[in-house]
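Note that the structure is predicted; figures quoted are calculated from it, not measured.
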Amino acid sequence: MGTVIHAFTAEQVRSAEEPLLARETGFAGSLMERAATALAGRCVRVLRERRGRLRGAHVVALVGTGNNGGDALHALALLARRGVRTTALLATDGAHEGGLAALRRAGGHVLPASVADLASRVWSTDLVLDALTGIGSRGALRPPAADVVTSLVASDPRPAAGPPVLAVDVPSGIGVDDGALPGPVLRADRTVTFGAVKPGLLLPPAAHLAGRVDLVDIGLSLDPVAAAVRRLEARELAAEWPAPGPRDHKYTRGVVGVLAGSATYPGAGVLTCHAAALAGAGMVRLDGPANVASHVLAVRPEVVTARGRVQAWVVGPGTSDDDVRLEPALRRASGERVPLVVDAGALPVVGRSHVRMPAHVVLTPHAGELAALLGTRGVVVDRAQVEAEPLRWARAAHERTGATVLLKGAVTVVVGPGGVLTQAEATPWLATAGAGDVLAGVLGTLLAGRADQVPSDPDLPARLAAVAASVCGLAARAASGGGPVVAAQVADHVPRVVAALVGRTA
(Lines give C-alpha, C1' and ligand atoms only; values in the text may rest on other atoms or scores of the structure.)
Protein backbone atom coordinates (compact mmCIF):
# COMPACT_ATOMS: atom_id res chain seq x y z
CA MET A 1 0.00 0.00 0.00
CA GLY A 2 1.02 3.59 -0.54
CA THR A 3 1.69 6.27 2.01
CA VAL A 4 -0.73 9.11 1.26
CA ILE A 5 -3.42 9.59 -1.39
CA HIS A 6 -3.43 13.19 -2.59
CA ALA A 7 -6.55 14.65 -4.19
CA PHE A 8 -6.60 17.79 -6.33
CA THR A 9 -9.41 20.14 -7.31
CA ALA A 10 -10.77 20.45 -10.84
CA GLU A 11 -9.00 23.80 -11.23
CA GLN A 12 -5.67 22.32 -10.15
CA VAL A 13 -6.04 19.44 -12.60
CA ARG A 14 -6.99 21.74 -15.48
CA SER A 15 -3.99 23.95 -14.75
CA ALA A 16 -1.71 20.90 -14.82
CA GLU A 17 -3.23 19.79 -18.13
CA GLU A 18 -2.80 23.13 -19.91
CA PRO A 19 0.91 22.91 -20.79
CA LEU A 20 0.46 19.36 -22.06
CA LEU A 21 -2.60 20.26 -24.12
CA ALA A 22 -0.76 23.21 -25.64
CA ARG A 23 1.85 20.85 -27.10
CA GLU A 24 -0.61 18.38 -28.60
CA THR A 25 -0.86 18.20 -32.40
CA GLY A 26 -3.37 15.37 -32.75
CA PHE A 27 -4.92 12.35 -31.05
CA ALA A 28 -1.75 10.26 -31.09
CA GLY A 29 0.13 10.79 -27.84
CA SER A 30 -2.55 13.12 -26.49
CA LEU A 31 -3.96 13.11 -22.97
CA MET A 32 -7.19 11.69 -24.38
CA GLU A 33 -5.37 8.80 -26.06
CA ARG A 34 -3.60 7.97 -22.79
CA ALA A 35 -6.85 8.14 -20.84
CA ALA A 36 -8.84 6.13 -23.40
CA THR A 37 -6.18 3.44 -23.67
CA ALA A 38 -6.02 3.06 -19.90
CA LEU A 39 -9.82 3.04 -19.64
CA ALA A 40 -10.09 0.34 -22.29
CA GLY A 41 -7.49 -1.69 -20.38
CA ARG A 42 -9.53 -1.46 -17.18
CA CYS A 43 -12.63 -2.54 -19.10
CA VAL A 44 -10.75 -5.56 -20.45
CA ARG A 45 -9.75 -6.50 -16.92
CA VAL A 46 -13.33 -6.24 -15.62
CA LEU A 47 -14.74 -8.22 -18.53
CA ARG A 48 -12.21 -11.01 -18.11
CA GLU A 49 -12.93 -11.16 -14.38
CA ARG A 50 -16.65 -11.27 -15.12
CA ARG A 51 -16.83 -13.47 -18.23
CA GLY A 52 -13.40 -15.01 -18.72
CA ARG A 53 -13.18 -13.72 -22.32
CA LEU A 54 -13.77 -10.56 -24.36
CA ARG A 55 -15.39 -11.76 -27.57
CA GLY A 56 -19.14 -11.60 -27.30
CA ALA A 57 -19.13 -9.19 -24.37
CA HIS A 58 -21.30 -6.07 -24.56
CA VAL A 59 -20.19 -2.71 -23.15
CA VAL A 60 -22.47 0.32 -23.13
CA ALA A 61 -21.37 3.87 -22.36
CA LEU A 62 -23.58 6.73 -21.21
CA VAL A 63 -22.03 9.68 -23.03
CA GLY A 64 -22.41 13.40 -22.49
CA THR A 65 -20.44 16.39 -23.68
CA GLY A 66 -16.80 17.06 -22.94
CA ASN A 67 -13.58 15.14 -22.73
CA ASN A 68 -14.82 12.37 -20.44
CA GLY A 69 -17.32 11.47 -23.13
CA GLY A 70 -14.48 11.52 -25.63
CA ASP A 71 -12.39 9.23 -23.42
CA ALA A 72 -15.27 6.74 -23.27
CA LEU A 73 -15.95 6.85 -27.01
CA HIS A 74 -12.31 6.21 -27.89
CA ALA A 75 -12.17 3.43 -25.29
CA LEU A 76 -15.24 1.83 -26.88
CA ALA A 77 -13.52 2.00 -30.26
CA LEU A 78 -10.49 0.17 -28.86
CA LEU A 79 -12.75 -2.49 -27.34
CA ALA A 80 -14.69 -2.90 -30.57
CA ARG A 81 -11.46 -3.71 -32.40
CA ARG A 82 -10.94 -6.56 -29.94
CA GLY A 83 -14.30 -8.18 -30.64
CA VAL A 84 -16.39 -6.49 -27.95
CA ARG A 85 -19.86 -5.30 -28.87
CA THR A 86 -19.95 -1.60 -27.98
CA THR A 87 -22.80 0.88 -27.77
CA ALA A 88 -22.69 4.59 -27.00
CA LEU A 89 -25.94 5.99 -25.62
CA LEU A 90 -25.81 9.73 -26.22
CA ALA A 91 -27.45 12.06 -23.72
CA THR A 92 -26.38 15.09 -25.76
CA ASP A 93 -26.19 16.43 -29.29
CA GLY A 94 -22.67 17.68 -28.59
CA ALA A 95 -20.71 14.47 -28.00
CA HIS A 96 -17.01 14.46 -28.83
CA GLU A 97 -16.77 14.35 -32.65
CA GLY A 98 -13.40 12.62 -32.85
CA GLY A 99 -14.54 9.93 -30.45
CA LEU A 100 -17.79 9.35 -32.34
CA ALA A 101 -15.91 9.01 -35.62
CA ALA A 102 -13.44 6.54 -34.11
CA LEU A 103 -16.24 4.43 -32.64
CA ARG A 104 -18.16 4.29 -35.90
CA ARG A 105 -15.03 3.32 -37.84
CA ALA A 106 -14.45 0.47 -35.40
CA GLY A 107 -17.97 -0.86 -35.92
CA GLY A 108 -19.49 0.38 -32.67
CA HIS A 109 -23.10 1.47 -32.30
CA VAL A 110 -24.31 4.98 -31.51
CA LEU A 111 -27.85 5.51 -30.23
CA PRO A 112 -29.76 8.21 -28.37
CA ALA A 113 -30.23 7.58 -24.64
CA SER A 114 -33.99 7.14 -24.86
CA VAL A 115 -35.41 6.95 -21.35
CA ALA A 116 -38.28 4.75 -22.54
CA ASP A 117 -36.11 1.67 -23.13
CA LEU A 118 -32.97 2.79 -21.32
CA ALA A 119 -33.10 0.37 -18.39
CA SER A 120 -33.40 -2.74 -20.54
CA ARG A 121 -30.60 -1.57 -22.84
CA VAL A 122 -28.21 -0.80 -19.98
CA TRP A 123 -28.84 -3.50 -17.40
CA SER A 124 -28.71 -6.37 -19.93
CA THR A 125 -25.06 -5.67 -20.83
CA ASP A 126 -21.77 -6.84 -19.31
CA LEU A 127 -20.32 -3.46 -18.33
CA VAL A 128 -21.63 0.10 -18.11
CA LEU A 129 -19.45 3.20 -18.47
CA ASP A 130 -20.71 6.42 -16.90
CA ALA A 131 -19.25 9.30 -18.94
CA LEU A 132 -22.12 11.77 -18.77
CA THR A 133 -20.15 14.59 -17.15
CA GLY A 134 -16.60 15.44 -16.14
CA ILE A 135 -14.73 17.62 -13.69
CA GLY A 136 -16.08 20.80 -15.25
CA SER A 137 -19.64 20.00 -14.21
CA ARG A 138 -21.17 22.01 -11.38
CA GLY A 139 -24.38 21.42 -9.45
CA ALA A 140 -27.01 18.78 -10.09
CA LEU A 141 -27.26 17.01 -13.42
CA ARG A 142 -29.57 18.68 -15.90
CA PRO A 143 -31.88 17.02 -18.43
CA PRO A 144 -31.46 14.86 -20.38
CA ALA A 145 -28.55 13.47 -18.30
CA ALA A 146 -30.60 13.85 -15.10
CA ASP A 147 -33.46 11.87 -16.65
CA VAL A 148 -31.05 9.12 -17.73
CA VAL A 149 -29.55 8.77 -14.27
CA THR A 150 -32.90 8.98 -12.47
CA SER A 151 -34.27 6.18 -14.65
CA LEU A 152 -31.23 3.96 -14.08
CA VAL A 153 -31.12 4.55 -10.32
CA ALA A 154 -34.78 3.56 -10.07
CA SER A 155 -34.24 0.37 -12.07
CA ASP A 156 -30.80 -0.61 -10.72
CA PRO A 157 -30.73 -4.39 -10.13
CA ARG A 158 -27.41 -4.41 -8.27
CA PRO A 159 -26.06 -6.05 -6.18
CA ALA A 160 -28.30 -9.04 -6.86
CA ALA A 161 -27.92 -8.86 -10.64
CA GLY A 162 -26.86 -6.64 -13.49
CA PRO A 163 -23.51 -5.44 -14.81
CA PRO A 164 -20.95 -3.41 -12.90
CA VAL A 165 -20.82 0.34 -13.47
CA LEU A 166 -17.45 1.96 -14.14
CA ALA A 167 -17.37 5.75 -13.73
CA VAL A 168 -15.09 7.63 -16.11
CA ASP A 169 -12.98 10.06 -14.00
CA VAL A 170 -15.84 10.75 -11.55
CA PRO A 171 -19.39 9.48 -11.06
CA SER A 172 -21.53 11.95 -12.99
CA GLY A 173 -23.28 14.48 -10.77
CA ILE A 174 -21.09 14.40 -7.66
CA GLY A 175 -19.53 17.54 -6.23
CA VAL A 176 -16.08 17.09 -7.75
CA ASP A 177 -14.36 19.35 -5.23
CA ASP A 178 -16.54 18.91 -2.14
CA GLY A 179 -18.15 15.46 -2.34
CA ALA A 180 -21.68 16.85 -2.17
CA LEU A 181 -24.63 15.14 -3.88
CA PRO A 182 -26.77 17.96 -5.31
CA GLY A 183 -28.89 15.55 -7.37
CA PRO A 184 -29.16 11.95 -8.61
CA VAL A 185 -25.96 9.95 -9.09
CA LEU A 186 -25.55 6.44 -10.50
CA ARG A 187 -23.49 4.44 -8.01
CA ALA A 188 -20.22 3.18 -9.47
CA ASP A 189 -18.63 -0.14 -8.61
CA ARG A 190 -15.32 1.28 -9.78
CA THR A 191 -14.06 4.72 -10.80
CA VAL A 192 -11.15 5.13 -13.19
CA THR A 193 -9.82 8.62 -12.60
CA PHE A 194 -7.17 10.34 -14.71
CA GLY A 195 -4.10 12.32 -13.69
CA ALA A 196 -5.09 12.81 -10.05
CA VAL A 197 -7.66 11.66 -7.54
CA LYS A 198 -10.45 14.22 -7.24
CA PRO A 199 -11.59 15.36 -3.75
CA GLY A 200 -15.16 14.19 -4.31
CA LEU A 201 -13.90 10.61 -4.57
CA LEU A 202 -12.58 10.79 -1.00
CA LEU A 203 -15.18 13.02 0.65
CA PRO A 204 -18.60 12.11 2.03
CA PRO A 205 -21.30 11.62 1.02
CA ALA A 206 -20.10 11.08 -2.58
CA ALA A 207 -17.22 8.75 -1.65
CA HIS A 208 -19.60 5.82 -1.14
CA LEU A 209 -20.85 6.18 -4.71
CA ALA A 210 -17.38 5.98 -6.28
CA GLY A 211 -16.62 2.34 -5.51
CA ARG A 212 -13.01 1.27 -5.90
CA VAL A 213 -10.92 4.19 -7.16
CA ASP A 214 -8.27 3.40 -9.77
CA LEU A 215 -5.84 6.24 -10.57
CA VAL A 216 -4.33 6.41 -14.06
CA ASP A 217 -1.11 8.38 -14.48
CA ILE A 218 -1.35 10.48 -17.65
CA GLY A 219 1.72 12.59 -16.98
CA LEU A 220 0.38 15.51 -14.97
CA SER A 221 2.74 17.40 -12.67
CA LEU A 222 1.04 18.18 -9.36
CA ASP A 223 2.65 19.22 -6.06
CA PRO A 224 1.50 16.96 -3.18
CA VAL A 225 1.93 19.87 -0.79
CA ALA A 226 -0.89 21.68 -2.61
CA ALA A 227 -3.33 18.75 -2.39
CA ALA A 228 -6.86 19.74 -1.44
CA VAL A 229 -7.55 16.50 0.43
CA ARG A 230 -5.28 13.77 1.80
CA ARG A 231 -5.92 10.20 2.85
CA LEU A 232 -3.36 8.29 4.91
CA GLU A 233 -2.59 4.71 3.96
CA ALA A 234 -0.87 1.90 5.83
CA ARG A 235 2.74 3.08 5.78
CA GLU A 236 1.83 6.60 6.88
CA LEU A 237 -0.49 5.28 9.59
CA ALA A 238 2.39 3.19 10.92
CA ALA A 239 4.88 6.06 10.65
CA GLU A 240 2.65 8.32 12.77
CA TRP A 241 2.07 5.76 15.53
CA PRO A 242 4.25 6.44 18.63
CA ALA A 243 5.74 2.95 18.99
CA PRO A 244 8.01 2.72 22.08
CA GLY A 245 11.75 2.05 22.04
CA PRO A 246 13.92 0.18 24.55
CA ARG A 247 14.62 3.32 26.61
CA ASP A 248 10.98 4.41 26.96
CA HIS A 249 9.06 4.25 30.22
CA LYS A 250 5.47 5.02 31.16
CA TYR A 251 6.00 8.77 31.25
CA THR A 252 7.81 9.01 27.92
CA ARG A 253 5.17 6.81 26.30
CA GLY A 254 2.53 9.34 27.33
CA VAL A 255 0.13 9.89 30.19
CA VAL A 256 -3.51 10.41 29.15
CA GLY A 257 -5.81 12.30 31.47
CA VAL A 258 -9.48 11.34 31.11
CA LEU A 259 -12.51 13.22 32.31
CA ALA A 260 -15.33 11.01 31.13
CA GLY A 261 -18.42 9.30 32.44
CA SER A 262 -21.17 10.33 34.80
CA ALA A 263 -23.80 8.76 37.00
CA THR A 264 -25.99 8.45 33.94
CA TYR A 265 -23.28 7.21 31.56
CA PRO A 266 -20.51 5.54 33.59
CA GLY A 267 -19.74 3.23 30.65
CA ALA A 268 -18.33 6.10 28.63
CA GLY A 269 -15.55 6.48 31.19
CA VAL A 270 -14.89 2.74 31.04
CA LEU A 271 -14.69 2.66 27.24
CA THR A 272 -12.51 5.77 26.99
CA CYS A 273 -9.99 4.51 29.54
CA HIS A 274 -10.12 0.97 28.15
CA ALA A 275 -9.36 2.21 24.63
CA ALA A 276 -6.63 4.59 25.76
CA ALA A 277 -4.87 1.80 27.65
CA LEU A 278 -5.15 -0.72 24.80
CA ALA A 279 -3.87 1.84 22.31
CA GLY A 280 -0.60 1.91 24.23
CA ALA A 281 -0.76 4.75 26.74
CA GLY A 282 2.03 4.69 29.30
CA MET A 283 -0.55 5.58 31.91
CA VAL A 284 -4.20 6.57 32.04
CA ARG A 285 -5.31 8.96 34.78
CA LEU A 286 -9.02 9.20 35.48
CA ASP A 287 -10.50 12.41 36.83
CA GLY A 288 -13.99 11.30 37.75
CA PRO A 289 -16.53 10.63 40.47
CA ALA A 290 -16.28 7.53 42.63
CA ASN A 291 -19.02 5.62 40.82
CA VAL A 292 -17.26 6.04 37.47
CA ALA A 293 -13.88 5.17 38.99
CA SER A 294 -15.24 1.93 40.44
CA HIS A 295 -16.58 0.85 37.06
CA VAL A 296 -13.31 1.76 35.33
CA LEU A 297 -11.06 0.02 37.86
CA ALA A 298 -13.15 -3.14 37.60
CA VAL A 299 -12.20 -3.34 33.92
CA ARG A 300 -8.79 -1.64 33.91
CA PRO A 301 -7.18 -1.87 37.38
CA GLU A 302 -4.00 -0.16 36.11
CA VAL A 303 -5.85 3.15 35.63
CA VAL A 304 -4.65 5.75 38.14
CA THR A 305 -7.20 7.93 39.93
CA ALA A 306 -4.73 10.25 41.66
CA ARG A 307 -3.88 13.59 40.08
CA GLY A 308 -0.47 14.10 38.56
CA ARG A 309 1.41 14.62 35.33
CA VAL A 310 -0.69 14.51 32.14
CA GLN A 311 0.54 14.90 28.54
CA ALA A 312 -2.86 14.92 26.81
CA TRP A 313 -6.43 15.23 28.01
CA VAL A 314 -9.68 13.62 26.85
CA VAL A 315 -12.63 15.59 28.19
CA GLY A 316 -16.34 15.05 27.71
CA PRO A 317 -17.35 11.46 26.80
CA GLY A 318 -20.47 10.46 28.73
CA THR A 319 -21.04 13.92 30.21
CA SER A 320 -23.74 16.53 29.73
CA ASP A 321 -23.03 20.16 28.94
CA ASP A 322 -24.23 21.26 32.38
CA ASP A 323 -21.67 19.09 34.15
CA VAL A 324 -19.92 21.41 36.60
CA ARG A 325 -16.62 19.56 36.13
CA LEU A 326 -16.21 20.51 32.49
CA GLU A 327 -15.34 24.21 32.54
CA PRO A 328 -12.64 23.87 35.23
CA ALA A 329 -11.19 20.82 33.46
CA LEU A 330 -11.06 22.61 30.12
CA ARG A 331 -9.45 25.66 31.74
CA ARG A 332 -6.89 23.44 33.45
CA ALA A 333 -6.04 21.62 30.22
CA SER A 334 -5.75 24.95 28.42
CA GLY A 335 -3.48 26.32 31.12
CA GLU A 336 -1.25 23.27 30.93
CA ARG A 337 -1.02 23.80 27.14
CA VAL A 338 -1.21 20.09 26.44
CA PRO A 339 -3.11 18.46 23.56
CA LEU A 340 -6.79 18.10 24.30
CA VAL A 341 -9.58 15.95 22.85
CA VAL A 342 -13.00 17.54 23.34
CA ASP A 343 -15.97 15.21 22.93
CA ALA A 344 -19.69 14.89 23.66
CA GLY A 345 -20.83 17.05 26.59
CA ALA A 346 -17.71 19.22 26.51
CA LEU A 347 -18.35 20.38 22.94
CA PRO A 348 -21.13 22.87 23.80
CA VAL A 349 -19.01 24.22 26.66
CA VAL A 350 -16.17 24.95 24.25
CA GLY A 351 -18.63 26.44 21.78
CA ARG A 352 -20.14 28.82 24.32
CA SER A 353 -16.74 30.05 25.45
CA HIS A 354 -16.14 31.90 22.15
CA VAL A 355 -12.43 31.57 22.86
CA ARG A 356 -10.19 30.92 19.87
CA MET A 357 -8.36 27.66 20.44
CA PRO A 358 -5.02 26.31 19.23
CA ALA A 359 -4.85 23.47 16.70
CA HIS A 360 -3.77 21.00 19.40
CA VAL A 361 -7.35 21.10 20.67
CA VAL A 362 -9.22 18.43 18.68
CA LEU A 363 -13.01 18.59 18.60
CA THR A 364 -14.67 15.25 17.79
CA PRO A 365 -18.36 15.87 17.01
CA HIS A 366 -20.83 13.85 14.98
CA ALA A 367 -23.06 15.78 12.57
CA GLY A 368 -25.66 16.77 15.15
CA GLU A 369 -23.06 17.93 17.65
CA LEU A 370 -21.26 19.92 14.95
CA ALA A 371 -24.51 21.69 14.03
CA ALA A 372 -25.06 22.58 17.69
CA LEU A 373 -21.47 23.74 18.08
CA LEU A 374 -21.74 26.01 15.06
CA GLY A 375 -24.99 27.37 16.47
CA THR A 376 -23.11 28.59 19.56
CA ARG A 377 -20.78 30.45 17.17
CA GLY A 378 -23.64 32.15 15.29
CA VAL A 379 -23.96 29.73 12.35
CA VAL A 380 -27.47 28.37 11.86
CA VAL A 381 -27.30 24.86 10.39
CA ASP A 382 -29.00 21.56 11.15
CA ARG A 383 -27.81 17.98 11.19
CA ALA A 384 -29.17 17.16 7.73
CA GLN A 385 -27.25 20.08 6.23
CA VAL A 386 -24.03 18.94 7.90
CA GLU A 387 -24.54 15.43 6.57
CA ALA A 388 -25.17 16.80 3.07
CA GLU A 389 -22.03 18.98 3.06
CA PRO A 390 -19.64 17.64 5.71
CA LEU A 391 -16.55 19.35 4.32
CA ARG A 392 -18.17 22.77 4.23
CA TRP A 393 -19.33 22.66 7.84
CA ALA A 394 -16.24 20.99 9.28
CA ARG A 395 -14.23 23.78 7.66
CA ALA A 396 -16.59 26.34 9.13
CA ALA A 397 -16.08 24.92 12.62
CA HIS A 398 -12.29 24.97 12.20
CA GLU A 399 -12.34 28.54 10.93
CA ARG A 400 -14.56 29.78 13.76
CA THR A 401 -12.85 27.96 16.63
CA GLY A 402 -9.23 27.56 15.48
CA ALA A 403 -9.34 23.97 16.76
CA THR A 404 -8.72 20.86 14.70
CA VAL A 405 -12.09 19.31 13.84
CA LEU A 406 -12.70 15.58 13.44
CA LEU A 407 -16.20 15.10 12.06
CA LYS A 408 -17.30 11.54 12.74
CA GLY A 409 -19.21 9.56 10.14
CA ALA A 410 -18.98 6.67 7.70
CA VAL A 411 -16.16 8.67 6.14
CA THR A 412 -14.28 10.68 8.77
CA VAL A 413 -13.39 14.25 7.81
CA VAL A 414 -10.56 16.00 9.65
CA VAL A 415 -9.86 19.70 9.12
CA GLY A 416 -6.78 21.34 10.59
CA PRO A 417 -4.33 24.12 9.76
CA GLY A 418 -2.62 21.88 7.19
CA GLY A 419 -5.80 21.15 5.25
CA VAL A 420 -8.26 18.29 4.98
CA LEU A 421 -7.88 14.56 5.58
CA THR A 422 -10.45 11.82 5.15
CA GLN A 423 -10.39 8.19 6.24
CA ALA A 424 -12.89 5.49 5.27
CA GLU A 425 -11.86 2.18 6.84
CA ALA A 426 -14.92 1.81 9.08
CA THR A 427 -17.63 -0.81 8.61
CA PRO A 428 -21.24 0.42 8.84
CA TRP A 429 -21.54 -1.80 11.92
CA LEU A 430 -19.35 0.74 13.75
CA ALA A 431 -22.36 3.07 14.00
CA THR A 432 -23.00 1.92 17.56
CA ALA A 433 -23.16 3.39 21.05
CA GLY A 434 -19.76 3.98 22.62
CA ALA A 435 -17.75 4.00 19.39
CA GLY A 436 -16.99 7.69 19.87
CA ASP A 437 -15.69 7.01 23.38
CA VAL A 438 -13.26 4.45 21.98
CA LEU A 439 -12.10 6.88 19.31
CA ALA A 440 -11.54 9.60 21.92
CA GLY A 441 -9.43 7.26 24.04
CA VAL A 442 -7.29 6.11 21.12
CA LEU A 443 -6.75 9.70 19.97
CA GLY A 444 -5.82 10.77 23.48
CA THR A 445 -3.11 8.11 23.56
CA LEU A 446 -1.71 9.22 20.21
CA LEU A 447 -1.59 12.86 21.30
CA ALA A 448 0.03 12.00 24.63
CA GLY A 449 2.63 9.80 22.94
CA ARG A 450 3.71 12.61 20.61
CA ALA A 451 2.91 15.62 22.79
CA ASP A 452 6.49 16.93 22.66
CA GLN A 453 6.25 17.27 18.85
CA VAL A 454 2.93 19.10 18.75
CA PRO A 455 4.28 22.64 19.35
CA SER A 456 6.57 22.45 16.31
CA ASP A 457 4.07 20.73 13.98
CA PRO A 458 0.60 22.36 14.00
CA ASP A 459 -0.73 19.80 11.50
CA LEU A 460 0.28 16.82 13.68
CA PRO A 461 -2.98 16.70 15.72
CA ALA A 462 -4.99 16.47 12.48
CA ARG A 463 -2.81 13.64 11.17
CA LEU A 464 -3.09 11.81 14.48
CA ALA A 465 -6.85 12.31 14.45
CA ALA A 466 -6.94 10.68 11.01
CA VAL A 467 -4.75 7.83 12.27
CA ALA A 468 -7.04 7.26 15.26
CA ALA A 469 -10.10 7.15 13.00
CA SER A 470 -8.40 4.66 10.70
CA VAL A 471 -7.23 2.36 13.48
CA CYS A 472 -10.70 2.34 15.04
CA GLY A 473 -12.22 1.61 11.64
CA LEU A 474 -9.80 -1.25 11.02
CA ALA A 475 -10.38 -2.59 14.53
CA ALA A 476 -14.14 -2.50 13.95
CA ARG A 477 -13.74 -4.47 10.72
CA ALA A 478 -11.56 -7.04 12.48
CA ALA A 479 -14.01 -7.36 15.36
CA SER A 480 -17.07 -7.43 13.13
CA GLY A 481 -16.14 -10.14 10.66
CA GLY A 482 -19.01 -8.81 8.58
CA GLY A 483 -21.56 -8.73 11.38
CA PRO A 484 -22.57 -6.62 14.37
CA VAL A 485 -19.94 -5.25 16.73
CA VAL A 486 -20.02 -3.39 20.05
CA ALA A 487 -17.65 -0.63 21.13
CA ALA A 488 -15.71 -2.72 23.67
CA GLN A 489 -14.88 -5.23 20.94
CA VAL A 490 -13.48 -2.41 18.82
CA ALA A 491 -11.16 -1.37 21.66
CA ASP A 492 -10.13 -5.01 22.23
CA HIS A 493 -8.98 -5.30 18.60
CA VAL A 494 -6.90 -2.11 18.59
CA PRO A 495 -3.65 -3.81 19.77
CA ARG A 496 -3.62 -6.35 16.94
CA VAL A 497 -4.41 -3.66 14.35
CA VAL A 498 -1.53 -1.55 15.65
CA ALA A 499 0.74 -4.60 15.69
CA ALA A 500 -0.08 -5.29 12.04
CA LEU A 501 0.58 -1.68 11.09
CA VAL A 502 3.91 -1.27 12.84
CA GLY A 503 5.09 -4.77 11.93
CA ARG A 504 5.40 -6.13 15.45
CA THR A 505 3.87 -9.11 17.16
CA ALA A 506 1.02 -8.45 19.55
Side-chain angles (χ1 to χ4, degrees), residues 1-2 5-8 35 38-51 57 59-64 68-69 71-72 75 122-123 125-135 137 141 145 148-150 152-217 229 231 233 390 409-413 422-429 470 473-474 477 482:
M1 295 180 67
I5 298 174
H6 297 95
F8 296 87
L39 178 59
R42 274 30 175 215
C43 292
V44 167
R45 188 181 305 167
V46 172
L47 292 172
R48 283 183 171 153
E49 290 171 355
R50 182 174 171 80
R51 304 178 76 252
V59 178
V60 64
L62 310 170
V63 179
N68 276 10
D71 297 336
V122 169
W123 298 126
T125 62
D126 296 296
L127 177 63
V128 180
L129 303 185
D130 169 15
L132 289 167
T133 63
I135 63 173
S137 178
L141 293 174
V148 168
V149 170
T150 299
L152 292 177
V153 169
S155 59
D156 192 344
R158 297 171 297 160
V165 173
L166 192 158
V168 180
D169 210 17
V170 293
S172 297
I174 72 166
V176 175
D177 290 343
D178 65 3
L181 297 175
V185 174
L186 181 62
R187 178 180 62 82
D189 298 286
R190 180 178 301 196
T191 296
V192 178
T193 194
F194 308 117
V197 174
K198 315 310 183 290
L201 302 176
L202 302 183
L203 288 164
H208 288 299
L209 298 179
R212 173 183 168 183
V213 177
D214 189 356
L215 173 62
V216 173
D217 182 3
V229 176
R231 175 167 292 174
E233 294 196 287
V411 176
T412 300
V413 177
T422 72
Q423 302 298 136
E425 291 83 356
T427 166
W429 293 108
S470 282
L474 292 168
R477 284 195 177 277

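- Contact detail for Pro390 and Pro205: the closest heavy-atom pair is CD-CD, 3.9 Å.
- Closest of all the heavy-atom pairs between Leu201 and Pro171 is CD2-CD, 3.7 Å.
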Sequence neighbours left out, cut at 3.5 Å: what donor-acceptor pairs do the side chains of residues 160-167 make with other protein atoms?
none

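- Note: Cys43 SG to Arg50 CZ = 13.0 Å, rounded to the nearest 0.5 Å.
- In plain terms, the two heavy atoms of Leu202 and Ala207 that are nearest each other are C-CB, 3.8 Å.
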**OP:** Under the side-chain contact (heavy atoms from CB on, under 4.5 Å) rule, what do Val213 and Arg231 come out as? Steps first, then yes or no, please.
**Re:** CA-CA 13 Å; Val213 177; Arg231 175 167 292 174; over 6 Å; no

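- Going from atom CZ of Arg42 over to atom OG1 of Thr191 covers 12.5 Å, rounded to the nearest 0.5 Å.
- Under the rule for a side chain to side chain donor-acceptor pair (under 3.5 Å), Thr125 has no partner lying at least two apart in sequence or in another chain.
- Remark: Arg477 engages no residue in a side chain to side chain donor-acceptor pair (under 3.5 Å) (not counting sequence neighbours).
- The CZ atom of Phe194 sits 10.0 Å away from atom CG of Leu215, with the distance rounded to the nearest 0.5 Å.
- Scanning for side chain to side chain donor-acceptor pair (under 3.5 Å) contacts around Ser470 gives Gln423, Glu425, with sequence neighbours left out.
- Applying the side-chain contact (heavy atoms from CB on, under 4.5 Å) rule to Ala57 yields the partners Leu47, Arg51, Val84, Asp126; only residues at least two apart in sequence or on another chain are considered.
- With sequence neighbours excluded, no residue forms a salt bridge (Lys or Arg N to Asp or Glu O under 4.0 Å) with Asp130.
- Taking all atoms of both residues into account, the shortest heavy-atom contact from Gly200 to Ala206 is O-CB, 3.5 Å.
- With sequence neighbours left out, the side-chain contact (heavy atoms from CB on, under 4.5 Å) criterion links Leu152 to Leu62, Leu118, Val122, Trp123, Val148, Ser155, Leu186.
- Put simply, the side chain of Leu203 reaches to within 4.5 Å of the side chain of Val229, judged on heavy atoms.
- With sequence neighbours excluded, the residues satisfying side-chain contact (heavy atoms from CB on, under 4.5 Å) with Thr133 are Ser137, Leu141, Ser172.
- Of all heavy-atom pairs spanning Ala61 and Ala72, the tightest one is CB-CB, 4.4 Å.
- Among residue pairs with one or both ends in residues 154-166, those qualifying as salt bridge (Lys or Arg N to Asp or Glu O under 4.0 Å) are Asp156-Arg158, Arg158-Asp189; sequence neighbours excluded.
- Shown here are the side-chain contact (heavy atoms from CB on, under 4.5 Å) partners of Leu209, two or more places apart in sequence or in another chain: Leu181, Val185, Arg187.
- Between Val168 and Asn68, the shortest heavy-atom contact is O-ND2, 3.0 Å.
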